[in-house]
Amino acid sequence: MFNQRIKVKQLLSGTATGTEVVVMGWVRTFRNNQFIALNDGSTNANIQIVASLGEFDEAILKRITTGASLKVNGTVVESLGKGQSVEVKASKIEILGDSDAEKFPLQPKKHSLEFLREKAHLRFRTNTFGSVFRIRHSLAFAVHQFYNDRGFVYLHTPIITSSDAEGAGEMFRVTTLPLEGAPKNEKGEIDYTQDFFGKGTNLTVSGQLEGELGAMAFSEIYTFGPTFRAENSNTTRHLAEFWMIEPEMAFHDIEDNMNLAEEFIKYLINYVLKNNADDIDFLDARLAEEEKQLPTEKRSGFGLKEKLEIVLSNNFERITYTEAIDILLNSPHYKKKKFQYEVKWGIDLQSEHERYLVEQHFKKPVIVTGYPAAIKAFYMRMNDGCEPGRETVAAMDILAPGIGEIVGGSQREERLDKLEARMKAMHIPLEDMSYYLDTRRFGTVPHAGFGLGFERMILFVTGMTNIRDVIPFARTPKNCEY
RNA sequence: UCCUCCUUAGCUCAGUUGGUUAGAGCACAUCACUGUUAAUGAUGGGGUCCUCCGUUCAAGUCGGAGAGGGGGAGCCA
């Protein structure tokens, strides 16, 4: 058995001096031909290995370079140096894997995130990405814990789908037909009846519709999986492949939906503050350092930890779309004509409008409800008693400082006649969606749900600003490395 | 897809009104030192100045096109 080692995190959290240990990890730096900073990914902290002068072959010491992997036998001792309380005095050092220091791209110095993005396979070995991806793991775990504790069933919705009615953007086609010389039908179109599934199929853009089918039996379900959008979006907030959490709840109205979403977000933040305190502290310090480089007017004014604690201790502001428009119209910003896009009832809120509401006006997360029906999806429930010409739906978006839309959800239209009318008006073929309409035909109930962009949540919690830095291997237009 | 900025050593960057042999720190090599904390000191090697085309006696520097990247916008999570 090889793995009889102690992890660095455990070793640093109070191993008695005098204990004989085996540690394994990768060299971060080798100082003074004596002191090895060894890291195994369990924490950003390194264990200092002391290779006392004269006790090791010159040939071995030569091979202890940044990036090399080591197995070290030694004794835990109180450190004589100042930077750490304990260290391991090595009795035996074995090189598991050499690392040519001239070619290894990571140096004991600050690298740009852009550079590390190109070295995505090695960036896990840096402090920043170590923290980010340990937090990503924790958040994923917390998602399951949150819903499991509340009796939700984790439903695996399909990744390959023949449904394209969601309309949430361009889809990636899934096919085994040859690109050249694909079979054609009489109309000269590609004949998908000869394709693998006998019809056209795509990668899913959302598990929501299937999620609704599950909620109509289990009462409460959630999905948590990858989704795919072939939109040519080149921003710090979009990926072609991203992960989404979509709970769907029977017997819930829009208010229940908001309550759950707010509770969920706070739960995730709280979980990470408790379980990843070191990583949050590191990212907090890193962000503070970055802020110092910025001109005063561009600084956010408070730290990462502070921001998360403010979110935890305040209720999310809840306003209607109509109120949001009024706030914008009465804002000094509007009166000074600083908005690039027109503000009037009926528009979709632009990024600049959302940012103003969240970052200038309320300075905390905001839930906007009751959007105009004309700009929202077919499955959202029509609000009753609307002014003619101002029909709204029971939609809700949660807007977060620095991120924008982090959650999008709605109460679903459970009334068959209204749903069918809406689908017809939006030219959605009812026959293709018969399975979906069955939930309204047989024991329909009020229900609601939302989607939380997992990577956007990670951005918020880590204070990172580019979504490509919070997913291990980012897929974006013109970029699919690894 | 649109707007905008950027691309100089392995990395982070400097490079004057266009002018001879393009610099610094880190990294790397050699030596010295040895309880260091991104160790330190000395010496040394290291360049398709993103690519192509053009202007000019002369282009890292000016112009055009292209590629890659950053930021913003649209779309959205």
Side-chain angles (χ1 to χ4, degrees), chain A residues 27-37 45-54 61-62 65-67 77-84 87 89 99-119 126-127 166-170 205-208 224 226-246 261 298 339-341 348-355 375-377 397-400 403-409 450-460 465-471 476-479 481:
Chain A
V27 176
R28 285 286 174 87
T29 64
F30 185 29
R31 288 184 291 267
N32 224 349
N33 221 21
Q34 256 186 100
F35 305 103
I36 305 163
N46 303 317
I47 180 70
Q48 172 155 292
I49 308 293
V50 182
S52 298
L53 285 173
L61 295 177
K62 276 268 177 207
T65 55
T66 302
V77 296
E78 210 169 303
S79 181
L80 299 172
K82 288 195 179 109
Q84 57 284 314
E87 60 196 20
K89 188 171 167 18
S99 172
D100 184 338
E102 198 155 7
K103 292 186 181 142
F104 186 62
L106 305 182
Q107 293 165 24
K109 61 171 272 189
K110 192 172 154 53
H111 291 287
S112 70
L113 296 177
E114 293 79 26
F115 170 72
L116 293 170
R117 215 171 282 152
E118 288 168 12
K119 304 271 178 284
T126 65
N127 286 334
E166 228 259 316
E170 294 295 309
V205 293
S206 161
Q208 182 203 314
F224 183 12
T227 46
F228 307 87
R229 308 255 169 113
E231 291 288 347
N232 188 15
S233 299
N234 293 287
T235 80
T236 54
R237 305 180 305 283
H238 290 85
L239 292 164
E241 176 182 300
F242 65 100
W243 287 63
M244 190 152 60
I245 297 127
E246 295 176 288
K298 286 207 171 168
F339 287 121
Q340 194 188 336
Y341 288 85
D348 205 353
L349 295 179
Q350 302 293 321
S351 290
E352 57 173 354
H353 305 142
E354 296 179 348
R355 291 186 80 108
I375 58 170
K376 288 291 180 181
D397 282 358
I398 301 185
L399 311 176
I403 314 286
E405 188 179 341
I406 193 165
V407 162
F450 62 85
L452 174 98
F454 189 50
E455 284 77 17
R456 288 191 183 173
M457 186 67 204
I458 303 171
L459 282 180
F460 188 71
T465 52
N466 192 318
I467 203 162
R468 293 159 202 183
D469 293 333
V470 298
I471 188 165
T476 54
K478 302 273 186 293
N479 176 22
E481 293 299 311

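Just so it is clear: chains get the letters A, B, ... in the order the sequence lines come, proteins before strands, and each one is counted from 1. The model shown is predicted, which means the values in this text are computed figures rather than measured ones.
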Review point. Are OP1 or OP2 of B:G74 and a side-chain N or O of A:Q350 less than 4.0 angstrom apart?
Key: yes
Check your understanding: Closer than 4.0 Å, any side-chain N/O of A:R117 to the OP1 or OP2 of B:G70?
Key -> yes
Check your understanding: How would you label the contact of A:F115 with the nucleic acid (heavy atoms, under 4.0 Å): base, sugar-phosphate, or nothing?
Key -> sugar-phosphate
Point to revise | OP1 or OP2 of B:U36 under 4.0 Å from side-chain N/O of A:R31 | key: no
Review point. Base, sugar-phosphate, or nothing for A:N46, non-hydrogen atoms under 4.0 angstrom?
Key: nothing
Point to revise | Among B:G72, B:U36, B:A73, the nucleotide that comes nearest once only the side chain of A:T236 is considered | key: B:G72
Point to revise | Side-chain heavy atoms of A:Q340 within contact of A:E352, under 4.5 Å | key: yes
Check your understanding: OP1, OP2 of B:U30 versus side-chain N and O of A:K62: anything below 4.0 Å?
Key -> yes
Review point. Given B:U34, is OP1 or OP2 found less than 4.0 Å from the side-chain N or O atoms of A:N32?
Key: no
Check your understanding: Looking at B:C76, B:A39, B:C11, which one has an atom nearest to any side-chain atom of A:S351?
Key -> B:C76
Review point. Under 4.0 angstrom, heavy atoms only, what part of the nucleic acid is A:S79 near: base, sugar-phosphate, or nothing?
Key: base
Check your understanding: Mind checking the C1' distance from B:A27 to B:A39? Whole angstroms is fine.
Key -> 15 Å
Review point. Can a side chain N or O of A:R28 be found less than 4.0 Å away from OP1 or OP2 on B:U37?
Key: no
Exercise for review: Respond yes when some side-chain nitrogen or oxygen of A:S233 is under 4.0 Å from OP1 or OP2 of B:C76, and no when none is.
Suggested key: no
